[in-house]
S.K.: 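Dumping the structure here so I can ask a few things about it.
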Amino acid sequence: MLDHLIRGATVVDGTGAPAYVADVGVREGRIALIAGPGTVDEPARTTENAEGFVLAPGFVDPHTHYDAQLFWDPFATPSLNHGVTTVAGGNCGFTLAPLHPDRPEDADYTRRMMSKVEGMSLVALEEGAPWNWHTFGEYLDALEGRIAVNAGFMVGHCALRRHVMGADAVGGQPTERQMAHMVQLLHDAMDAGAWGLSTTQSSTHSDGDGQPVASRHATPAELIALSRAVGEHEGTQLEAIVAGCLDQFTDDEIDLLVDMTTAAGRPLNWNVLTIDAAVPERVPRQLRASERARQAGGRIVALTMPILTPMNMSLGTFCALNLIPGWGDILALPVSERIEKLRNPDVRAEMLRRADSKEAGVFRRLADFERYVIGDTYSEANEGLSGRVVRDIAAERGQDAFHCLVEICANDRLLTVLWPMPSDNDPASWELRQRTWQHEDVLLGGSDAGAHLDRMCGAPYTTRFIGDCLRGRRLVPLEQAVKMLTDDPARLFGLRERGRIEEGFHADLVLFDPERIAAGPATLVHDLPGDSPRLDSKALGIVSVRVNGVEVIRDDQVTGAVPGTVLRSGRDTRTVATK
């Protein structure tokens with residue numbers, strides 16, 4: 001007997017093949033049969049009519065930070081609502097394990113670091129997770145059997161360094177003995193099921209004390225030694241962030257990434273490839289790393305988002321504006337001093353000069369203050385400004401845009417929420433994206449779901465992209481769009497029997513209405529531990545989501561079932577060759 005039978009669905013199977021109408025039966029968590037409509041005689045415990053709906057494999061998000069959230073939200077919302085059934089976590093060098101058993105202060109350091117660098121609520125981190133593990137395997141075990149999605153995790157370089165070197169991990173270099181210990185810890189983590197190593201060398205990543213995170217102090221020799229260890233385990237990967245990920249790689253960065261993937265003999269992915277027709281030299285420069293890797297026998301994959309994900313800004317709290325050269329020190333001042341500085345014309349002129357300099361890189365786009373939209377405001381003086389564009393307000397007041405924006409924010413004691421309008425929403429940029437997606441080493445993803453919770457909501461990229469392909473720009477056919485969200489990431493990570501609708505594969509399935517599939521606007525909700533805020537987005541047109549055959553979403557509502565699997569390297573992933 002079947003557990004469930006889906007009748008008459010339009011099946012888009014994830015391979016890129018043309019859609020077809022079929023009945024699909026599920027038994028014991030697997031796809032038991034795919035047959036012509038109306039031809040299945042085997043009885044089923046439950047049946048649903050799916051005529052007019054599309055049945056696709058569950059979407060695979062290759063870059064998330066759900067490492068902590070899964071403890072208080074086993075449903076990985078809103079990703080699960082938007083059809084994501086498998087998430088990759090432990091990215092950018094940041095994980096919650098291993099933790100040294102004799103140094104309880106390491107957990108506090110980790111929480112403060114994650115709060116700063118990944119924009120997670122410190123209260124939620126303190127109250128929402130049990131922090132009852134030390135080894136990486138114990139961390140994975142703490143999630144086993146209590147999550148609704150399938151989740152795999154890289155082990156973070158920062159945690160390895162902190163475990164071995166303590167406070168010296170920031171600023172110090174390991175001794176030969178410490179290096180051997182770090183390599184052994186990585187082996188232990190992969191033996192327990194870690195997908196591989198993630199690391200960061202990015203200048204944007206600082207800890208809770210404002211210092212460069214631990215992995216930024218690693219030498220190339222340390223990174224290569226850890227990469228070699230990854231190559232000794234089945235079904236493993238590398239993920240790395242360097243400063244040039246934001247704009248354009250240096251020659252040294254390309255050399256480092258190529259050396260890492262070739263030392264491991266494993267694919268290395270990075271994010272995020274920003275595609276903008278106004279900077280035509282960026283894409284070929286960034287993909288030069290992939291070309292070099294293939295020549296050397298490795299593989300480097302760039303993640304890029306198929307939608308524009310708005311990220312709000314503020315002069316009052318840490319955000320991307322702090323990362324503009326010369327801005328961080330000013331925006332770190334106490335509020336009253338900060339306002340005084342920002343109101344100084346000479347200070348503003350110097351800030352604008354630095355923001356428009358070559359050293360600002362990709363952050364130059366943040367300095368077009370005419371294009372900012374005012375979000376939430378908090379003072380009587382700013383009443384009626386929400387939703388208005390700074391350009392128009394500045395013209396009315398006879399001020400330049402940055403001066404106008406500063407005065408608005410000062411009226412709110414810098415609490416004003418600011419939304420930059422994207423500068424790369426032009427036809428030329430979308431045409432460039434369409435061409436870039438066809439590259440063999442470009443993969444859709446980079447949502448950062450689970451991080452930067454009050455700044456952005458990248459999780460809905462799946463439904464928004466498919467809706468755009470069906471009813472919007474139509475940059476790729478539906479069959480190809482589904483493949484890019486399912487089979488392509490599943491193949492990169494070597495996921496066993498996932499990513500396609502095929503008999504014998506795990507029944508990770510999304511049923512949706514092609515006439516309605518989309519994502520609602522990002523709205524602020526207070527549902528984290530400690531009543532902390534985050535941005536959420538409703539899924540539109542998602543009829544049902546199944547993980548390992550069990551329904552976890554029905555009409556955008558979680559069912560409460562937790563059939564997800566902690567995906568462990570080797571058991572649930574196979575090695576992906578780079579040659």
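Hydrogens, waters and symmetry mates play no part in the numbers below; they use all other heavy atoms, side chains included.
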S.K.: Could you give the distance from CE (M154) to CG (L197), rounded to the nearest 0.5 Å?
M.R.: 6.5 Å

S.K.: Are the side chain of D454 and the backbone N or O of P533 linked by a donor-acceptor pair below 3.5 Å?
M.R.: no

S.K.: Counting only N and O atoms by type, is there a donor-acceptor contact under 3.5 Å from the side chain of D468 to the main-chain atoms of R473?
M.R.: yes

S.K.: Could you please spell out the steps behind the side-chain hydrogen bond (donor to acceptor under 3.5 Å, both in side chains) verdict for E551 and T559?
M.R.: CA-CA 7 Å; E551 188 169 66; T559 65; over 6 Å; no

S.K.: For side-chain contact (heavy atoms from CB on, under 4.5 Å), just list the numbers for D448 and T64, CA-CA rounded to whole Å, side-chain angles, deciding distance to a tenth of an Å, and then say yes or no.
M.R.: CA-CA 5 Å; D448 262 355; T64 78; over 6 Å; no

S.K.: Do D412 side-chain atoms and L414 backbone N/O form a donor-acceptor pair below 3.5 Å?
M.R.: no

S.K.: Can you find a heavy atom in the side chain of I241 that is under 4.5 Å from one in the side chain of H205?
M.R.: yes

S.K.: Check whether the ring centres of W131 and Y139 lie less than 6.0 Å apart, and answer yes or no.
M.R.: no

S.K.: Please determine whether a side-chain nitrogen of the Lys or Arg among D527 and R534 lies less than 4.0 Å from a carboxylate oxygen of the Asp or Glu.
M.R.: yes

S.K.: Treating S569 as the side-chain partner and T236 as the backbone partner, does any N or O pair qualify as donor plus acceptor under 3.5 Å?
M.R.: no

S.K.: Sub-3.5 Å donor-acceptor pair from the side chain of Q434 to the main-chain atoms of L475, do we have one?
M.R.: yes

S.K.: Using side-chain heavy atoms (C-beta onward) and a distance below 4.5 Å, is H506 in contact with R496?
M.R.: no

S.K.: Find the distance between CD1 (I466) and CG (L485) and round it off to the nearest 0.5 Å.
M.R.: 5.0 Å

S.K.: Do the side chains of L509 and V26 get nearer than 4.5 Å, heavy atoms only?
M.R.: yes

S.K.: side-chain contact (heavy atoms from CB on, under 4.5 Å) for L122 and R111? Distances and angles first, verdict last.
M.R.: CA-CA 7 Å; L122 182 57; R111 289 189 289 266; 4.0 Å; yes

S.K.: Atom CG in L303, atom CG in N269: separation rounded to 0.5 Å?
M.R.: 4.5 Å

S.K.: Please evaluate residues L385 and I393 with respect to the criterion side-chain contact (heavy atoms from CB on, under 4.5 Å), reporting the C-alpha separation (whole Å), side-chain torsions for both, the decisive distance (0.1 Å), and the verdict.
M.R.: CA-CA 8 Å; L385 295 184; I393 304 170; 3.9 Å; yes

S.K.: Do P489 and L443 touch side chain to side chain, with heavy atoms closer than 4.5 Å?
M.R.: yes

S.K.: May I have the step-by-step check of side-chain hydrogen bond (donor to acceptor under 3.5 Å, both in side chains) for N91 and S198, ending in yes or no?
M.R.: CA-CA 6 Å; N91 288 296; S198 75; 5.8 Å; no

S.K.: Are any side-chain N or O atoms of D536 and backbone N or O atoms of V525, one a donor and one an acceptor, separated by less than 3.5 Å?
M.R.: no

S.K.: Which is it for D73 and T77 under the side-chain hydrogen bond (donor to acceptor under 3.5 Å, both in side chains) test, yes or no, and what are the steps along the way?
M.R.: CA-CA 7 Å; D73 173 20; T77 61; 2.7 Å; yes

S.K.: Looking at K483 and E479, is any side-chain nitrogen of the basic one under 4.0 Å from a carboxylate oxygen of the acidic one?
M.R.: no

S.K.: Does V545 reach the side chain of L80, with side-chain heavy atoms less than 4.5 Å apart?
M.R.: yes

S.K.: Check for a donor-acceptor pair, side chain of N322 on one end and backbone N or O of C319 on the other, with a separation under 3.5 Å.
M.R.: yes

S.K.: Salt bridge between E440 and R299, side-chain N to carboxylate O under 4.0 Å?
M.R.: no

S.K.: May I ask you to test the M114-L125 pair for a side-chain heavy-atom distance under 4.5 Å?
M.R.: yes

S.K.: Given side-chain contact (heavy atoms from CB on, under 4.5 Å), test T47 with R7 step by step and report yes or no.
M.R.: CA-CA 7 Å; T47 302; R7 291 190 180 277; 3.6 Å; yes

S.K.: State whether R282 and D247 are salt-bridged, where the test is any N-O pair (Lys NZ or Arg NE/NH1/NH2 against Asp/Glu carboxylate O) under 4.0 Å.
M.R.: yes

S.K.: Can a salt bridge be assigned to the pair R498 and D487 using a cut-off of 4.0 Å between side-chain N and carboxylate O?
M.R.: no

S.K.: Can you pull out every ring pair (Phe, Tyr, Trp, His ring centres under 6.0 Å) where at least one residue sits in residues 47-70? Sequence neighbours excluded, please.
M.R.: H63-H65

S.K.: At their closest point, which heavy atom of T486 faces which heavy atom of G58, and how far apart are they?
M.R.: CG2-O, 3.5 Å

S.K.: Distance from L96 atom CG to L143 atom CG, nearest 0.5 Å?
M.R.: 9.0 Å

S.K.: Using side-chain contact (heavy atoms from CB on, under 4.5 Å) as the criterion, point out the one residue from M421, R433, R464 that pairs with L308.
M.R.: R433

S.K.: Would you call R30 and E502 a salt bridge, using N to O less than 4.0 angstrom?
M.R.: no

S.K.: Return yes if a side-chain donor-acceptor contact under 3.5 Å exists between N425 and W430, otherwise no.
M.R.: yes

S.K.: According to ring-ring contact (aromatic ring centres under 6.0 Å, His included), who are the partners of W419, at least two apart in sequence or on a separate chain?
M.R.: none

S.K.: Does K116 NZ have over 12 foreign heavy atoms under 6.0 Å away?
M.R.: yes

S.K.: Is a side-chain donor or acceptor of S202 paired with a backbone partner of A243 at a separation under 3.5 angstrom?
M.R.: no

S.K.: Verify, without hydrogens or angle tests, whether T199 (side chain) and A240 (backbone) share a donor-acceptor contact under 3.5 angstrom.
M.R.: no

S.K.: Hey, is the main chain of P514 close enough, under 3.5 Å, to the side chain of R471 for a donor-acceptor pair?
M.R.: yes

S.K.: I'd like to know whether E144 forms a salt bridge (charged side-chain N to carboxylate O under 4.0 Å, His left out) with R568, so could you lay out the CA-CA distance, the side-chain angles of the two residues, the decisive distance to 0.1 Å, and finally the verdict.
M.R.: CA-CA 11 Å; E144 193 73 77; R568 303 187 188 235; 3.0 Å; yes

S.K.: Got a salt bridge between R554 and E48, using NZ or NE/NH1/NH2 to carboxylate O under 4.0 Å?
M.R.: yes

S.K.: State, yes or no, whether a side-chain contact exists between K538 and P521 at a heavy-atom distance under 4.5 Å.
M.R.: no

S.K.: What's the separation between atom CZ in F512 and atom OG1 in T463, rounded to the nearest 0.5 Å?
M.R.: 10.0 Å

S.K.: Counting C-beta onward and ignoring hydrogens, is there a side-chain heavy-atom pair between C469 and P477 closer than 4.5 Å?
M.R.: no

S.K.: Kindly compute the distance separating CD1 (I517) from CG (L540), expressed to the nearest 0.5 Å.
M.R.: 9.0 Å

S.K.: Enumerate the ring pair (Phe, Tyr, Trp, His ring centres under 6.0 Å) contacts for residues 442-493, please, sequence neighbours excluded, ordered by first and then second residue.
M.R.: W195-F493, W437-F465

